[in-house]
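Okay, so here's the structure we're looking at.
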Amino acid sequence: MVGELRRGDKIVIATHNEGKARELAELFAPIGIETVSAGALGLVEPEETGASFAENAKIKAGAATSVTGMLSVADDSGLEVTALGGAPGIHSARWGGPNKDFGLAMQRVNRELEASGSADRSARFVCALALGQPRGETLVRIGKIDGTLVWPPRGTRGFGYDPIFVPDGYSETFGEMDPVEKSDISHRMRAFQKLILSTWPYDED
Ligand code: ITT
């Protein structure tokens, strides 16, 4: 499948989360795509009424493309904790409360894990990336990375739940890791690769 994205295009990054916006801009830059933030265009956040990461990503990209007439990319993502039945999942941002305090959100994860009585500390980050296209349908691809939760939080890099997540095969949390290393393996990168593979025209590299 070939989509509308071409080298030299400018796309709207339909997120109000600075950490995501930074990571997404860094993924698109090397393939020659310029990005502009939703904040810079004054876009309002649509209500995330979907029941899945993919549905919410589609809602956000669809809204940004219909308001701007531009290509857009939206990211709906979160942390799924096995012993919590996949929570916080699509509610990951909400666990940060009105002030988006992820110190509190991480404490809640830890508290609920303790209360669960389970020794299972496995978790995964999931990212649904949606490409809003002015002429075509909104495309969505999903990326995941498995890991283990640690307590207390470690590191000040990254954003959100990064300080409590150690990806499988590594010893540092995403909060400690060099951002380039996170970007090599992250759920966001994996979704990005799938999206680009399915939309990039065969005659461009
Ligand atoms: P937008 O809807 O404006 O994009 P948001 O932060 O509300 O921003 P989500 O509803 O998709 O976005 O919430 C995702 C939350 O999951 C996010 O706020 C982080 O706390 C967490 N999250 C997602 N990816 C993450 C990552 O790479 N590292 C750490 N936490 C992550």
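Counting convention: from 1, in listed order, for ligands and their atoms alike.
With hydrogens and angles ignored, the 3.5 Å screen pairs a side-chain donor or acceptor of Arg6 with a backbone N or O of Gly3. With hydrogens and angles ignored, the 3.5 Å screen pairs no side-chain donor or acceptor of Arg124 with any backbone N or O of Ile145. A donor-acceptor pair is defined here as one N or O able to donate and one able to accept, closer than 3.5 Å; no such pair exists between the side chain of Ser72 and the backbone of Ile13.
The hydrophobic clustering, which links ILVMFWY residues whose side-chain heavy atoms are closer than 4.5 Å, places Leu5 and Leu24 together.
Here is the list of ligand 1 atoms found below 4.0 Å of a heavy atom in Asp76: 9 (P), 10 (O), 11 (O). Contact atoms of ligand 1 toward Asp75: 4 (O), 11 (O) (distance under 4.0 Å to a heavy atom of the residue). Interface atoms of ligand 1 facing Ser92, defined by a heavy-atom separation under 4.0 Å, are 15 (C), 16 (O). Numbered from 1 in the order shown, with element, the atoms of ligand 1 that lie under 4.0 Å from a heavy atom of His187 read 24 (N), 25 (C), 26 (C), 27 (O).
A donor-acceptor contact closer than 3.5 angstrom links the side chains of Asp75 and Ser77. When only modelled atom types and interatomic distance are considered, Ser122 and Asp120 share a side-chain donor-acceptor pair under 3.5 Å.
When the options Lys60, Glu45, Lys20 are ranked by their closest heavy atom to atom 2 (O) of ligand 1, first place goes to Lys60. Checking Arg94, Lys182, Met189, His16 against atom 27 (O) of ligand 1, the nearest heavy atom belongs to Lys182.
Considering only non-hydrogen protein atoms, atom 13 (O) of ligand 1 sits nearest to Ala93 CB, 3.3 Å. Atom 21 (C) of ligand 1 has as its closest protein heavy atom Tyr161 CD1, 3.8 Å. Atom 6 (O) of ligand 1 has as its closest protein heavy atom Asn17 ND2, 3.0 Å. Protein heavy atom at the shortest distance from atom 24 (N) of ligand 1 is Arg188 NH2, 2.9 Å. Of the protein's non-hydrogen atoms, Thr15 OG1, 2.6 Å is the one closest to atom 4 (O) of ligand 1. Nearest protein heavy-atom neighbour of atom 28 (N) of ligand 1: Asp162 OD1, 2.6 Å. Nearest non-hydrogen protein atom to atom 20 (O) of ligand 1 is Phe102 CE2, 3.0 Å. Ranking the protein heavy atoms by distance from atom 23 (C) of ligand 1 puts Ser77 OG, 3.1 Å first.
Legend: residues meeting ring pair (Phe, Tyr, Trp, His ring centres under 6.0 Å) with Phe165, ordered by chain and number and at least two apart, are Phe125, Phe174.
For the pair Phe174 and ligand 1, no heavy-atom separation below 4.0 Å is found. For the ligand labelled ligand 1, residue Gly78 lies inside the 4.0 Å heavy-atom shell. Using a 4.0 Å heavy-atom cutoff, Leu79 is absent from the residues neighbouring ligand 1.
Residue contacts with ligand 1: Glu23 is placed with no nitrogen or oxygen under 3.5 Å of a nitrogen or oxygen of the ligand (distance criterion only). Taking only nitrogen or oxygen atoms, main chain and side chain alike, Lys100 does not reach within less than 3.5 Å of ligand 1.
Closest non-hydrogen pair, Arg7 versus Ile31, comes out as NH1-O, 3.5 Å.
Taking the charged nitrogens against the carboxylate oxygens, Lys144 and Glu80 have no contact shorter than 4.0 Å, which rules out a salt bridge. With respect to the salt-bridge test (charged N to carboxylate O, under 4.0 angstrom), the residues Asp76 and Lys60 qualify.
Side-chain contact between Thr68 and Leu43 is present, with heavy atoms from C-beta onward closer than 4.5 Å. Residues Val67 and Val44 form no side-chain contact, since every pair of their non-hydrogen atoms from C-beta on lies 4.5 Å or further apart.
Within the structure, the salt bridge (Lys or Arg N to Asp or Glu O under 4.0 Å) test picks out the following pairs touching residues 93-109 (sequence neighbours left out): Arg108-Glu112.
Counting heavy atoms closer than 4.0 Å to ligand 1, residue Phe53 contributes nothing at all. Heavy atoms from both the backbone and the side chain of Phe159 come within less than 4.0 Å of ligand 1.
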